[in-house]
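Reading through the structure tokens given below for one structure.
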Amino acid sequence: MSRKGGCFDREGGALKIATYNINGINGRLKTLLSWLSETNPDIVCLQELKAPQAKFPEKQLAEAGYASVWHGQSRWNGVAILLRGSEPVLTRRGLPRDPDRSQSRYIEAAVNGLLLGCLYAPNGNPAPGPKWDYKLAWLKQFTAHAKHLLSLDVPVILAGDYNIIPTEHDVYNSDRWLDDALFLPQVRRAYASLLKQGWHDAIATIHPDMPVYTFWDYLRHAWERNAGLRLDHLLLSPNLASRLKDAGVDRNMRGRPKASDHAPAWIVLDIE
DNA sequence: ATGACGGGGTTACCCCGA
């Protein structure tokens, strides 16, 4: 792996990659910048920018040491990839055969010799209904694209807010979520089909026996009750599985004033 | 079934999210 375009200054040739649903990048820019300076990730996927293309804080992030590519949209959605020390090489905005090109939910770039897809899957509620249909259509095209990426036989990471609770162990009270678009059998099957393609769920691999939530609702004192969900996932192509050294969630970010309802999830890869 | 919370911006009895 070439050092060009990389920043291998983490101890032991490791690469830290994080995904963070920021829920409004401009309203939460101070939170984002302090998290970046405290945790120093090499690569960051962001979701729910809630900012049009022209209002992405490119300059402030550059001053913090990160170059960005982003796919904005007025008011909702929006995804970005940040790379410390060099420029991400954009490979696509939006999915092939995207069911609705007006919704900015996918961006992909080459970073540090990896291909990185950053996604914000539709929520899908209420189910049934048009939003549920859109979620299933989007996941179908995403799954097809994931299969294509594996066929390239390069290291790939698909990171972001999948809006899927993969199993009953990934939710504080699964009974309450049985009829929800985050947990209905169709979306759990969609997630399982990705794993069957060969993708490795990094958080689940490192923490097989404990719930690792990434989201706590603003309502009903969910954070105080630890009534969380695991919605944000980092999937690794099989050729990266042996590189996975650590994974976790920066839970403390959820407890801060003006917090996003999601916390950052991260992995450390050995890229020696 | 509803609302509570909290971003966005058409500042609304608004929209959206999960």
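Side-chain atoms are counted along with the backbone in the values below, which use heavy atoms only and exclude waters and symmetry mates. Every chain is numbered from 1, with letters handed out A, B, ... down the list of sequences.
B:dA4 and B:dC13 have their P atoms separated by 15 Å, given to the nearest Å. Nucleotides B:dG6 and B:dA18 have their P atoms positioned 16 Å apart, rounded to a whole Å. Nucleotides B:dG17 and B:dG9, compared at atom P, are 16 Å apart to the nearest Å. The P atoms of B:dC15 and B:dT10 are separated by 14 Å, rounded to the nearest whole Å. Here, B:dC16 and B:dG3 have their P atoms 15 Å apart, quoted to the whole Å.
Base orientation of B:dC13: syn, since the glycosidic angle falls within 90° of 0.
A:Phe56 is connected to A:Tyr20 through a chain of hydrophobic side-chain contacts under 4.5 Å among Ile, Leu, Val, Met, Phe, Trp and Tyr, so both are in one cluster. With hydrophobic clusters built from ILVMFWY side chains whose heavy atoms lie under 4.5 angstrom apart, A:Ile81 shares a cluster with A:Ile157.
Across the protein-nucleic acid pair, A:Glu224 atom CD and B:dC5 atom C1' stand 11 Å apart, rounded to whole Å.
Salt bridge annotation for A:Asp201-A:Arg230: present, with a cationic side-chain nitrogen under 4.0 angstrom from a carboxylate oxygen. Salt bridge absent: A:Lys16 and A:Asp42 never bring a charged side-chain N and a carboxylate O closer than 4.0 Å.
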Take A:His145 and A:Glu108 through the side chain to side chain donor-acceptor pair (under 3.5 Å) test and state the conclusion after the steps. CA-CA 11 Å; A:His145 185 54; A:Glu108 192 180 280; 2.8 Å; yes
Heavy atoms under 4.0 Å is the rule here; annotate nucleotides 10-18 of chain B 5' to 3' with B where the base is hit, S where only the sugar-phosphate is, and - elsewhere. B----BSBB
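In this structure B:dC13 sits in no base pair that meets the Watson-Crick or G-U test at under 3.5 Å.
The distance from atom CG of A:Leu269 to atom CD1 of A:Ile17, rounded to the nearest 0.5 Å, is 4.5 Å.
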